[in-house]
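Here is the structure we will look at.
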Amino acid sequence: MSCPHCDGTGWRAHERDGVRRVERCDCWQHTHASKRLSDARVPPRYARCDLENFVIYQNERLVSVVARARRFAEAFPAVSKGLCLIGPPGIGKTHIAVAVLRRVVIEQGARGLFYDVRDLLRVIRSTYNPVVRTAEMDILRPVMDAELLVLDDLGAEKPSEWVEETVNLIVNTRYNERRPTIFTTNYEDLPDEAELDSLKVRVGFRLHSRLHEMCEFLEYDGGDYRMLPANGGPDDLATLWKQHKGRRPLPARAHRPARAEMRDQGAAKEPRDPRELKWPGGKAGR
Ligand SMILES: Nc1ncnc2c1ncn2[C@@H]1O[C@H](COP(=O)(O)OP(=O)(O)O)[C@@H](O)[C@H]1O
Ligand SMILES: [Mg+2]
Ligand SMILES: [Zn+2]
């Protein structure tokens, strides 16, 4: 028997804030949501993240970031820019990114995909093994084609020319095809060119300027949720935030400039230039 709400089409009209939209019907959601969610590769730790269970407290920036994320999810796929969530660890950047991703996957039926940048690079690297020779495009194609991609923890990977080229290839392809991406990063967007912990130095100037073209930057600070006692609430988070304000160290890393790390990397250990990747249909990297 076909669904009484949508006559079996899987779509139904819906009115929100006086605007008529077409939405996936619940019957369709139930059939397809779990499959699409597992395809999105959200890590189990974040499997229940949504914007409704995200605790907000007296923190103007955080409140506005959550509101912005909600508008993005509601407008999707009619969004012209992605988001770049910036701030210290533990303030819920990944939570918010996943919440948006899950929502568009569940409600819009979007093909969404989550990748921690380091995991993604590790997987791509492994496909360069000359013995295994799995097609690298098996990995890259879904990343480039996902209707919404979350790239988590940008800049956490050890910088190298290959890393830069590979991330640029992915991001530029998505940019050219107008596919939105949500990035998260611990590295602040500092104007000082000499600041080694700035986003620009960590990811390279080309990607940095591309990010500005394709994303809205949402920088915020807050209490580290992981320090919150089990019975803690919004007030405790606010207190945690006040205690740590202005002295939140970034995650420990080599006390050496990113660029020096990069120079020291043996070029021979890196796979070949990602631009040489062969694309299905014989096209070279775009
Ligand atoms: N405001 C919040 N409300 C509810 N859970 C939160 C909040 N902030 C962080 N968390 C939870 O704390 C953990 C760490 O948050 P995460 O999103 O990984 O932080 P970040 O990506 O900024 O380092 C996650 O399990 C997340 O769901
Ligand atoms: Mg995170
Ligand atoms: Zn239906």
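Each ligand, and each atom within it, is numbered from 1 in the order the structure gives. We number each residue from 1, following the sequence as shown. Basis for what follows: all heavy atoms, side chains included, without hydrogens, waters or symmetry-related copies.
Remark: among candidates Tyr225, Tyr57, Tyr46, the nearest residue to atom 9 (C) of ligand 1 is Tyr225, based on non-hydrogen atoms.
For atom 21 (O) of ligand 1, the closest non-hydrogen atom on the protein side is Thr94 OG1, 2.8 Å. Protein heavy atom at the shortest distance from atom 1 (N) of ligand 1 is Val55 O, 2.8 Å. Ranking the protein heavy atoms by distance from atom 17 (O) of ligand 1 puts His95 N, 2.9 Å first. Remark: minimum distance from atom 13 (C) of ligand 1 to any protein heavy atom is reached at Arg226 CG, 4.2 Å. Closest to atom 22 (O) of ligand 1 among all protein heavy atoms lies Lys93 NZ, 2.7 Å.
Looking at ligand 1, you won't find any N or O of Phe54 less than 3.5 Å from one of its N or O atoms.
Of all heavy-atom pairs between Ile96 and Tyr220, the closest is CD1-OH, 3.5 Å. For Ser160 against Val163, the heavy-atom pair with the smallest separation is OG-N, 3.1 Å.
The SG atom of Cys6 and the SG atom of Cys27 meet at the Zn ion (ligand 3) at an angle of about 110°, given to 10°.
Heavy-atom contacts from other residues, nucleotides or ligands closer than 6.0 Å to CD of Gln58 number 12 or fewer. Applying the 6.0 Å contact sphere to CD of Glu60 captures no more than 12 heavy atoms from other residues, nucleotides or ligands. A 6.0 Å sphere centred on NE2 of His14 holds more than 12 heavy atoms belonging to other residues, nucleotides or ligands.
With hydrogens and angles ignored, the 3.5 Å screen pairs no side-chain donor or acceptor of Arg71 with any backbone N or O of Val66.
Looking at Ile124 and Trp162, their side chains come closer than 4.5 Å, going by heavy atoms from C-beta outward.
Ligand 1 lies out of reach of Asp152, whose nearest heavy atom is not under 4.0 Å from it. Residue contacts with ligand 1 do not include Thr184, since none of its heavy atoms lies under 4.0 Å from the ligand.
For His95 and Phe54, the gap between ring centers is short of 6.0 Å.
Using a 4.0 Å cut-off between heavy atoms, Asn53 contacts ligand 1 through its backbone alone, with no side-chain atom that close.
Residue Cys25 counts as close to the Zn ion (ligand 3), with an N, O or S atom under 2.8 Å. Not a single N, O or S atom of Thr184, from either the backbone or the side chain, sits less than 2.8 Å from the Mg ion (ligand 2).
When each of Asp116, Asp153, Asp152 is checked for a side chain to side chain donor-acceptor pair (under 3.5 Å) with Thr94, only Asp152 meets the rule.
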